[in-house]
2 protein chains.
Amino acid sequence: MVQHLPVPRAVAAARSREALIDAALELFADDGFDATSTEAITARAGVSPRTFFRYFPTKESIVFHRDYGFMRSFAAVFLDQPASMTDYEALRATFVGQAAGFGALRARIETYRAAVDSSAVLVGREQEHLHDHATTVAEAVARRRGLTEPDAACRLFGDVALVLYQRALRGWLDGPPARELADLVDAEFARLPGLVR
Amino acid sequence: MVQHLPVPRAVAAARSREALIDAALELFADDGFDATSTEAITARAGVSPRTFFRYFPTKESIVFHRDYGFMRSFAAVFLDQPASMTDYEALRATFVGQAAGFGALRARIETYRAAVDSSAVLVGREQEHLHDHATTVAEAVARRRGLTEPDAACRLFGDVALVLYQRALRGWLDGPPARELADLVDAEFARLPGLVR
DNA sequence: TGTACATCAGTGAACGCGCGTTCACTGATGTAC
DNA sequence: TGTACATCAGTGAACGCGCGTTCACTGATGTAC
């Protein structure tokens, strides 16, 4: 007889949840968000259609339930940069540092990127997240400058930093696997000052 | 008796079309894109529900059927800037020039902005358009530099220019009506070089 | 260690809703002669 | 100028589809005693 050792509820739930996220991102990346029904996702994940909405309120929301932690420790690292650096240099060093070790995540990030790019609604949702990240940067710059509130310059830092990072990320995903994301981030930050004069 | 002078077909069609666009943008701005049904739009426009899909293939598409012509003559104006200017200066002068006379469009642009911001799918669609505009800028910069294809630097110009313009536009819409968009665009371009060092 | 009950992952079935499509038609405008 | 036909703006009705909700239930896991 098969003895099935009991599966703790939290483990069972985490499994279903992860299976759904994996299934969804792969199907979105391959077939596109709009062409993928929630039923196709549950079929691939091996659960019933109804179970999808037990874990995620909408089809969109499943895409953003994985956090690669890029901005998690941003403020702390940024504020640790030596005072001798300009804000731009400190920003550059921080982003380069955060990008280290992304090689292992490449396949996942590629799938995520393809999934998001497959649908306008996901691009729009990601914009909201990027805006939040830009705000995080703006607030960190404000603190480094001794301001209580980010002013226009701080917010511009936030927007520009995110643009540079996004450009590096896309260049990394489009280019040969051997290149390091950190190097591409550094190159983007290096490129800008010479142009804007 | 009422004599109704015949309405040319093209005129009737243009009227319905414009009425639908006006109704849609106002409802989206007020109630949000997702909370506005196509039927509510047709009711406000004074046509039948079926008529919506005669003019627009999807509910989304109606938002982007008005062109404020911002980028229409961009390349020509940019390439007309004196060779003594740097690329950045030429870009700045071109964007400032294109922004002139936007005061009259303010109410319309405000409605458009609120409509787009009301829904992730519209934000995503607009991103595609902004990406096209960034490409236009990148190609114009490439031509000014005598390149056949935009390189990474040209494309960075495109992305950065669009960010600066979008920031100026939002600042304009959020600020007092008396300020000129052109001045805000100029201020954004002026702010960047001092920061990135 | 064993029993009784509470909790919770997972499911089934039926439904409301709005987008977008399809088929078929009306009546005014446009055009050929 | 008048007649005959073609075109096209606008509509009605019915429908397919997939998202997301609601109600009701099963059976395994977790816990209190």
Side-chain angles (χ1 to χ4, degrees), chain A residues 1-25 27-28 31-65 115 118-122 124-125, chain B residues 1-25 27-28 31-65 115 118-122 124-125:
Chain A
M1 281 299 287
V2 175
Q3 278 285 62
H4 43 148
L5 28 158
V7 178
R9 285 212 275 245
V11 172
R15 260 187 212 161
S16 292
R17 190 190 179 73
E18 287 301 308
L20 283 167
I21 295 176
D22 284 341
L25 285 173
L27 287 171
F28 293 166
D31 305 338
F33 177 80
D34 298 304
T36 302
S37 66
T38 56
E39 206 164 329
I41 297 168
T42 55
R44 174 177 263 222
V47 297
S48 83
R50 180 65 188 72
T51 299
F52 187 93
F53 294 100
R54 185 177 175 81
Y55 289 100
F56 307 99
T58 65
K59 194 171 83 161
E60 288 167 43
S61 66
I62 198 171
V63 176
F64 303 102
H65 270 265
S118 79
S119 170
V121 70
L122 298 180
R125 289 272 174 244
Chain B
M1 281 302 283
V2 175
Q3 276 288 58
H4 42 150
L5 27 159
V7 178
R9 285 211 275 243
V11 172
R15 259 187 211 162
S16 293
R17 190 190 179 74
E18 288 300 307
L20 283 167
I21 296 176
D22 283 341
L25 286 173
L27 287 171
F28 293 166
D31 305 338
F33 177 80
D34 298 302
T36 302
S37 66
T38 56
E39 207 164 328
I41 298 168
T42 55
R44 175 178 264 223
V47 298
S48 84
R50 180 65 190 73
T51 300
F52 186 94
F53 295 100
R54 186 178 173 81
Y55 288 100
F56 307 99
T58 65
K59 193 172 85 162
E60 287 167 45
S61 66
I62 198 171
V63 176
F64 302 103
H65 270 266
S118 80
S119 170
V121 70
L122 298 180
R125 288 273 174 243

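Proteins come first, then strands; the chains are lettered A, B, ... in the order of their sequence lines, and each starts at number 1. Model, not experiment: these values are computed from the prediction. All heavy atoms count here, side chains included; hydrogens, waters and symmetry mates do not.
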**Study point:** Earlier contact from the 5' end, DNA chain D, for Phe52(A) and Val7(A)
**Key:**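 With Val7(A) and Phe52(A) compared, the 5'-side residue is Phe52(A).
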Exercise for review: Check whether any side-chain N or O of Thr51(B) sits under 4.0 Å from OP1 or OP2 of dG10(D), and answer yes or no.
Suggested key: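 No.
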Review point. Is any side-chain N or O of Ser37(A) closer than 4.0 Å to OP1 or OP2 of dG18(D)?
Key: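 No, no such contact exists.
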Check your understanding: Can a side chain N or O of Tyr55(A) be found less than 4.0 Å away from OP1 or OP2 on dG10(C)?
Key ->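 Yes.
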Review point. Rounded to whole angstrom units, what separation is found between the CG atom of Leu20(B) and the P atom of dC19(C)?
Key: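 These atoms are roughly 13 Å apart.
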Point to revise | Phosphate OP1/OP2 of dG10(C) contacted by Ser16(A) side-chain N/O (<4.0 Å) | key: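 Yes, because at least one side-chain N or O of Ser16(A) sits under 4.0 Å from OP1 or OP2 of dG10(C).
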**Study point:** Any Arg9(A) side-chain N or O less than 4.0 Å from OP1/OP2 of dG30(D)
**Key:**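 No.
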Check your understanding: Checking Thr36(B) side chain against Gly32(B) main chain: does a donor-acceptor pair fall under 3.5 Å?
Key ->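 Side chain of Thr36(B) to backbone of Gly32(B): a pair is present.
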Review point. Rounding to a whole Å, what distance do you find between Glu60(A):CD and dG20(D):C1'?
Key: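 These atoms are roughly 12 Å apart.
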Check your understanding: Partner of dA28(D) by Watson-Crick or G-U wobble geometry, both contacts under 3.5 Å, or none?
Key ->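 When the pairing criteria are applied, dT7(C) turns out to be the nucleotide that pairs with dA28(D).
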Exercise for review: Give one of base, sugar-phosphate or nothing for Ser61(A), where a contact means two heavy atoms less than 4.0 Å apart.
Suggested key: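 No contact at all - Ser61(A) keeps every heavy atom at 4.0 Å or more from the nucleic acid.
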Practice item. Establish, with yes or no, whether the OP1 or OP2 oxygen of dG10(D) is under 4.0 angstrom from a side-chain nitrogen or oxygen of Ser48(B). Key: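 For dG10(D), OP1/OP2 do not have a side-chain N/O of Ser48(B) under 4.0 Å.
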Practice item. Check each of Thr38(B), Ile41(B), Leu25(B) against Leu20(B) using the side-chain contact (heavy atoms from CB on, under 4.5 Å) test, and report the only one that passes. Key: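 Testing Leu20(B) for a side-chain contact (heavy atoms from CB on, under 4.5 Å) against Thr38(B), Ile41(B), Leu25(B) leaves exactly one candidate, Ile41(B).
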Point to revise | Proximal nucleotide (of dA9(C), dT11(D), dC19(C)) relative to the Ala13(A) side chain | key: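 Looking only at side-chain atoms, Ala13(A) lies closest to dA9(C).
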**Study point:** Closest listed nucleotide, where the reference is the side chain of Pro6(A) and the choices are dT21(C), dC19(D), dT29(D)
**Key:**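 So the nucleotide nearest the side chain must be dT29(D).
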Check your understanding: Is there a donor-acceptor contact under 3.5 Å from the side chain of Ser119(B) to the main chain of Asp34(B)?
Key ->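 Looks like no, no N/O pair under 3.5 Å.
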Exercise for review: Would you kindly give the CZ-to-C1' distance between Arg15(A) and dG10(C), to the nearest whole Å?
Suggested key: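 That distance rounds to 14 Å.
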**Study point:** Residue mapping more 5' on DNA chain C - nearest nucleotide basis, Pro8(B) or Glu39(B)
**Key:**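 That would be Glu39(B).
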Exercise for review: Would you mind telling me which of dG20(D), dG10(D), dG10(C) lies closest to the side-chain atoms of Arg54(A)?
Suggested key: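 Per side-chain heavy atoms of Arg54(A), the pick is dG10(C).
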Point to revise | Exceeds 12 heavy-atom contacts within 6.0 angstrom, atom CD of Glu18(A) | key: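 Counting neighbours around CD of Glu18(A), more than 12 heavy atoms of other residues, nucleotides or ligands fall under 6.0 Å, so yes.
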Review point. Which part of the nucleic acid, if any, lies within reach of Phe56(B) when heavy atoms closer than 4.0 Å are counted: base, sugar-phosphate only, or nothing?
Key: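 It contacts nothing in the nucleic acid.
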**Study point:** Cation-pi check, Lys59(B) onto Phe52(B) ring (under 6.0 Å, within 45° of axis)
**Key:**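 Checked: cation-pi criterion not met.
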Check your understanding: Looking across every strand, which nucleic acid part, if any, lies under 4.0 Å from Pro49(B) by heavy atom: base, sugar-phosphate, or nothing?
Key ->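 Counting heavy atoms under 4.0 Å across all strands, no contact is made by Pro49(B).
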Check your understanding: Donor-acceptor pair under 3.5 Å: do we get one between Arg50(B)'s side chain and the base of dT21(C)?
Key ->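 Such a pair does not exist between side chain and base.
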Point to revise | Identity of whatever pairs with dA13(C) - Watson-Crick or G-U, under 3.5 angstrom | key: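 Matched dA13(C) with dT22(D) under the 3.5 Å cut-off.
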Review point. In Å and rounded to the nearest 0.5 Å, what is the OH to OG distance from Tyr55(A) to Ser61(A)?
Key: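 Rounded to the nearest 0.5 Å, the OH-OG separation comes to 14.0 Å.
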Review point. Which of the following nucleotides, dG20(D), dA9(C), dG10(D), is nearest to the side chain of Lys59(A)?
Key: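 For Lys59(A), the side-chain atoms sit closest to dG20(D).
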Check your understanding: Just how far, in rounded Å, is C1' of dC19(D) from CG of Asp34(B)?
Key ->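 Rounding to the nearest Å, CG of Asp34(B) and C1' of dC19(D) are 13 Å apart.
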Check your understanding: With sugar-phosphate meaning primed atoms plus P, OP1 and OP2, does Thr42(A) contact a base, only sugar-phosphate, or nothing at under 4.0 Å between heavy atoms?
Key ->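 Since no nucleic acid heavy atom lies under 4.0 Å of Thr42(A), the category is nothing.
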Check your understanding: Given that both distances must come in under 3.5 Å, which nucleotide forms a Watson-Crick or G-U wobble pair with dT1(C)?
Key ->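 Partner of dT1(C): none found under 3.5 Å.
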**Study point:** Atom pair distance, as rounded to whole Å: CD1 in Ile62(A) and P in dC19(D)
**Key:**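 Taking atom P of dC19(D) as the reference, CD1 of Ile62(A) is at 12 Å.
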